[in-house]
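Written out below as structure tokens is the structure these notes cover.
Letters A, B, ... mirror the listed sequences (proteins, then strands); counts begin at 1. For the numbers below, each heavy atom of this structure counts, side chains included, while hydrogens, waters and symmetry mates do not.
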Protein chains: 2
Amino acid sequence: MRKSGRPTMKDVAKLSEVDVSVVSRVLSSDPKLAITDETRDRVLAAVAELDYRPNRTARALRTSRSGLIAFVLPQKTSEVYFRLVAGAAGQCTELGYQLVVAGINEPEKQLRDYESAGIDGVLIAAGGLDDDELQRWAGSNLPVVAVNRSTDLLPTACDLDYFTASSLAGKHLKDLGHTRPAVLSGPWSQPGSDQRLTGLCEELGVNSDELTAVSSHGIGAAAGYEAGIRLADQLDGETAIFVTTISLAFGLLKALSERGISVPDDVSVLSLHDEELANFTSPALTTIAMPTEQLGATAVSQLLNAIEGRDTPQVVVNDAPVLVARQSTAPASSHQSATHAP
Amino acid sequence: MRKSGRPTMKDVAKLSEVDVSVVSRVLSSDPKLAITDETRDRVLAAVAELDYRPNRTARALRTSRSGLIAFVLPQKTSEVYFRLVAGAAGQCTELGYQLVVAGINEPEKQLRDYESAGIDGVLIAAGGLDDDELQRWAGSNLPVVAVNRSTDLLPTACDLDYFTASSLAGKHLKDLGHTRPAVLSGPWSQPGSDQRLTGLCEELGVNSDELTAVSSHGIGAAAGYEAGIRLADQLDGETAIFVTTISLAFGLLKALSERGISVPDDVSVLSLHDEELANFTSPALTTIAMPTEQLGATAVSQLLNAIEGRDTPQVVVNDAPVLVARQSTAPASSHQSATHAP
DNA sequence: ATGAAAGCGCTAACAG
DNA sequence: CTGTTAGCGCTTTCAT
């Protein structure tokens, strides 16, 4: 065992000629501590002089609070998760926590590892999980909050406002004269119960099962391409395609171009989530930008609330989504047609 | 203070009727422990029965080893870093460590935070750091290893084999008849000393300062676009463009298309690093795929070596890069010309 | 082959 | 207002 060599509280106590307990109380600004300014200053001076920093491990052992939280992510992931992590990491830094990340594994095993490691709570990126798997994250002594998914399998969940987002999408399409868009969605979406569609349908006054819809088998561009080909072949006069997550849209654009369907002349494309690359596709992609980093940050706050035993709203809605109109959407016009030679 | 309620070593000791020290030694498979199989079995049985898991915090306090390592990332980041983290995280799980992530901040402050938190060592994504900043990461008691950058400012550094990668690029271009490619590189690249160019130049038999080169002001597609416009306007008969990192290439493609330069008819484009989206640009991008996840994993191993005081090679080269030929490169032919009307 | 005992550095009653 | 004390759960000499 290497001695760390760093000064301990005892050193500070000695130098400032008080007891360690006083140092401890000064440093944690114990509210019910009455102390002369003189003494406090002496302690603080000693802390500064020795360049003392508390040993968080010792503190953790004593208080059973490590200041560590974990974020569990899908093994196959995408830009969206990255932004989530960035938001969460920033908030952690802000609040003096450390963020541990790991790919998702067996929930039970992973949770027990985290308990063993003294992790205070865990964030689970639940966007792609089915109920069964999510359920398995619930049976733990640790506070667990679901991120990017609404659910009541867990006491706390944070999600983006997909209803508003899809309403925005619907409104934009309606304004352009598109009345019955086709839908390209991710693998977990269940048409009809999918909140990413309700706003759209409401705005357009259609029923979700009237729409031509295709589900992808994954969340990457390749999955979007594959599903996009299927969708292209199924198009029946639709003048627009609504995509529920952006990476799919990148693949779709390619599929459409291969099928000789021109965007936005033959069909408009509009996707949820925004990212820098949307500016650089051809044509540049119209999107609904979602506050993804915000979601990450909020999830951290919620988890800390749960850890402290404070109130934790079941669902948290963040900043409003915003439409970013680029070149992939255009007015529907009578000469439009998505039909084409095979 | 909440009692955790989990069984401790004492409970195991009691149940198996031995001393805690014996339990400890059994569990850490102390090599110089002589023990009857009978006793060991009793201990193990108790461990199983109580579902005992060691308290890593207590262990950490005792051994000054937390089992935590940190990965410090740029605030503005890209897909490449994500892959790095994925690789590192996987390796950590493999080896029983936890990976803490954070955006880069003030090195001194961050390092002291990490010391205070008991972090065992830190990985710094140094690809975009200048020497001064990197230097500031060196002055710490913690082992620090630079990732994605070769340097001798730190005792340990891990990097990809950019020499081989750029040789591969050079060879591919030469095979196609391109002799004097233009270069689009990231902000930190210093032409001439840049290892991402040496292999290319060697293969092509040119001097790096003979090449038309433009540096971007960032690492995203937007930066690539901006620099791409500048480069397009500077093109002087070049039949190919070599890009040192892929996100820039996405922007470049757009810039070229706006300038009416057709890829690959007018100019071929070839980029370092591969990602899924390279399949979905138009045209699909030819790349040199680098073992980025591997780098993340190797960096972790190196850091653990450093932590254990074992040997740490200054530079680690991983799996070989591989050429992924797609549609953005084509043979140079006499009718090619990058000149164009403004 | 096993047990006793001393702490790692910190916190939180409880005394004084 | 400040000091004493008793651990948190574990590892590790040193005894036996």
Side-chain angles (χ1 to χ4, degrees), chain A residues 1-44 46-47 50-67 115-120, chain B residues 1-44 46-47 50-67 115-120:
Chain A
M1 183 206 127
R2 286 192 320 239
K3 283 218 45 141
S4 77
R6 286 196 305 133
T8 77
M9 219 147 128
K10 208 144 105 188
D11 300 319
V12 176
K14 199 169 303 167
L15 182 59
S16 54
E17 300 177 289
V18 295
D19 188 84
V20 290
S21 64
V22 174
V23 178
S24 171
R25 280 170 279 182
V26 168
L27 260 43
S28 51
S29 25
D30 182 338
K32 58 181 167 222
L33 165 67
I35 201 182
T36 51
D37 284 356
E38 199 271 318
T39 314
R40 163 181 284 109
D41 288 350
R42 236 175 36 237
V43 171
L44 263 20
V47 165
L50 295 177
D51 190 25
Y52 167 79
R53 313 245 37 192
N55 179 324
R56 290 172 108 318
T57 305
R59 197 210 293 272
L61 179 58
R62 197 45 239 251
T63 61
S64 13
R65 275 293 184 37
S66 63
E115 281 187 50
S116 176
I119 302 280
D120 292 335
Chain B
M1 186 206 124
R2 287 191 319 242
K3 284 220 49 150
S4 77
R6 286 197 303 133
T8 76
M9 220 149 136
K10 207 145 104 192
D11 299 318
V12 176
K14 200 169 303 166
L15 182 59
S16 53
E17 299 177 288
V18 297
D19 188 84
V20 291
S21 64
V22 175
V23 178
S24 171
R25 281 171 276 181
V26 167
L27 260 43
S28 50
S29 26
D30 183 339
K32 57 180 166 224
L33 164 65
I35 199 181
T36 52
D37 284 355
E38 199 272 317
T39 313
R40 161 181 286 109
D41 288 349
R42 238 176 34 238
V43 171
L44 262 19
V47 165
L50 294 176
D51 189 26
Y52 167 79
R53 312 243 41 190
N55 179 324
R56 310 248 291 80
T57 305
R59 196 210 293 277
L61 179 58
R62 200 40 242 250
T63 61
S64 357
R65 276 292 182 45
S66 62
E115 282 188 50
S116 177
I119 302 280
D120 291 336

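Spacing between atom CZ of A:Arg56 and atom P of C:dC8 amounts to 21 Å, rounded to whole angstrom units. Taking atom CG of residue B:Leu27 and atom P of nucleotide D:dC10, one finds them 9 Å apart after rounding to whole Å. The CZ atom of A:Arg59 sits 5 Å away from the P atom of C:dT11 (whole-angstrom rounding). Rounded to an integer number of Å, the gap from CG of A:Asn55 to P of C:dT11 is 9 Å.
Nearest nucleotide to the side chain of A:Arg25, out of D:dC10, C:dG9, C:dC14: C:dC14. The side chain of A:Leu61 sits closest to D:dC8 out of C:dT11, D:dC10, D:dC8. Ranking C:dC10, D:dG9, D:dT11 by closeness to the B:Thr8 side chain, first place goes to D:dG9. The nucleotide whose nearest atom lies closest to any side-chain atom of B:Ser21 is, among C:dC8, C:dA4, C:dT2, C:dA4. Comparing D:dT12, D:dG7, C:dT2 against the side chain of A:Arg62 picks out D:dG7 as the nearest.
A distance of 9.0 Å separates CG of B:Asp51 from CZ of B:Arg6, quoted to the nearest 0.5 Å.
Each of B:Arg42 and B:Ala58 was assigned the nucleotide of DNA chain C with the nearest heavy atom; the assignment lying further toward the 5' end belongs to B:Arg42.
Across residues 12-19 of chain A, A:Val18, A:Asp19 each have a non-hydrogen atom less than 4.0 Å from an atom of DNA chain D (numbered order).
For the pair B:Leu50/B:Val12, a side-chain contact is recorded, criterion being any heavy-atom separation below 4.5 Å from C-beta on.
OP1 or OP2 of D:dT12 has not a single side-chain nitrogen or oxygen of B:Ser24 nearer than 4.0 Å. The side chain of B:Thr36 places an N or O atom within less than 4.0 Å of a non-bridging phosphate oxygen (OP1 or OP2) of C:dT2.
Checking each of A:Thr39, A:Val23, A:Val26 against A:Leu44 for a side-chain contact (heavy atoms from CB on, under 4.5 Å) leaves exactly one that passes, namely A:Val26.
Using five terminal pairs a side, the axes of the helix from C:dA1-D:dT16 to C:dG16-D:dC1 at its two ends make an angle of 40°, given in steps of 10 degrees.
A:Thr57 comes within 4.0 angstrom of no nucleic acid atom, judged by non-hydrogen atoms across all strands.
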